[in-house]
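So the structure is just underneath, and the comments pick up after that.
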Amino acid sequence: QVQLVESGGGLVQAGGSLRLSCAASGRTFSSRAMAWFRQAPGKEREFVGGISRGGGSTSYADSVKGRFTISRDNAKNTVWLQMNSLKPEDTAVYYCAAGSFVLTTMKSYDYWGQGTQVTVSS
């Protein structure tokens with residue numbers, strides 16, 4: 001069983017930065033691939049990016065590539081999403097998820113956090 005708790009969301013102006021955190025409980029964090037998804041109002045939840053179990057491999061959606069960075073510290077059971085050069089279209093609820101592999105589909109992940117709101121004003 002893994003419990004995930006996101007934090008760090010908020011309101012930021014376009015061009016600004018935010019850093020989201022996802023703290024995981026349990027002793028299996030290092031054996032889980034981790035990912036971030038987001039869901040904007042009226043839209044489906046979409047893959048933002050993911051990181052492998054050891055942190056050596058990351059992947060990103062084209063829409064955030066070059067602006068967002070995912071990292072993790074297995075000793076701290078935490079994964080982060082550093083978001084730079086934010087745009088109004090990045091406004092969404094951001095969720096972290098844990099699974100076996102970094103895949104872009106929601107069904108690939110077994111555990112989800114409750115989400116944190118990110119709002120980017122123009």
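In this structure, Q117 places its CD atom where more than 12 heavy-atom neighbours from other residues, nucleotides or ligands lie under 6.0 Å away.
For the pair R72 and A33, the tightest heavy-atom approach, listed with the atom from each and the gap, is NH1-CA, 4.1 Å. In plain terms, the two heavy atoms of M106 and R45 that are nearest each other are SD-CB, 3.6 Å. Taking each heavy atom of S122 and A14 in turn, the nearest pair found is CA-CB, 4.3 Å. Minimum interatomic distance between Q114 and V5 (heavy atoms only, all atoms of both residues): OE1-CA, 3.7 Å. In terms of heavy atoms, T116 sits closest to G9 at OG1-N, 3.2 Å. The two residues M34 and V79 have their closest heavy-atom pair at CE-CG1, 3.9 Å.
Taking the ring axis of F29 as reference, the NZ or CZ atom of R53 does not stay both within 45° of it and closer than 6.0 Å to the ring centre.
Atom-to-atom distance recorded for L4:CG and S21:OG is 12.5 Å, nearest 0.5 angstrom.
Side-chain contact, N84 with S17: a donor N or O sits under 3.5 Å from an acceptor N or O. Side-chain contact check for T105 and S108: at least one donor-acceptor pair (N or O, by modelled atom type) lies under 3.5 Å.
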I'd like to know whether R38 forms a side chain to side chain contact (heavy atoms under 4.5 Å, CB included) with V64, so could you lay out the CA-CA distance, the side-chain angles of the two residues, the decisive distance to 0.1 Å, and finally the verdict.
CA-CA 11 Å; R38 68 185 181 186; V64 306; 3.9 Å; yes
CA sep, side-chain torsions, deciding dist, call: F47, S59, side chain to side chain contact (heavy atoms under 4.5 Å, CB included)
CA-CA 10 Å; F47 175 80; S59 64; 3.7 Å; yes
Does I70 form a side chain to side chain contact (heavy atoms under 4.5 Å, CB included) with W36? I'd like the steps, not just the answer.
CA-CA 8 Å; I70 297 175; W36 288 93; 3.8 Å; yes
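Hydrophobic clustering keeps V48 apart from W112 (ILVMFWY residues linked when any side-chain heavy atoms are closer than 4.5 Å, directly or through intermediates). Cluster membership check: F68 does not share its hydrophobic cluster with V102, using side-chain heavy-atom separations under 4.5 Å among Ile, Leu, Val, Met, Phe, Trp and Tyr. In this structure, V12 is a member of the same hydrophobic cluster as L81, with clusters built from ILVMFWY side-chain heavy atoms closer than 4.5 Å. By the rule that hydrophobic residues join a cluster once side-chain heavy atoms approach within less than 4.5 Å of another member, L103 and Y94 end up as members of separate clusters. Cluster annotation: Y111 is not connected to W80 through the hydrophobic network of ILVMFWY side chains, with a link wherever side-chain heavy atoms come within less than 4.5 Å.
R32 places a side-chain heavy atom less than 4.5 Å from the side chain of V2.
Using modelled atom types, one side-chain atom of N77 and one backbone atom of G26 make a donor-acceptor pair closer than 3.5 Å. A side-chain donor-acceptor contact under 3.5 Å links S25 to the backbone of Q3. Remark: side-chain polar atoms of Y95 are not paired, donor with acceptor, to backbone N or O of E6 under 3.5 angstrom.
Across L20, T91, D90, L11, a single residue satisfies side-chain contact (heavy atoms from CB on, under 4.5 Å) together with V118, and that is L20.
Taking the centre of each ring, Y109 and F37 come in below the 6.0 Å mark.
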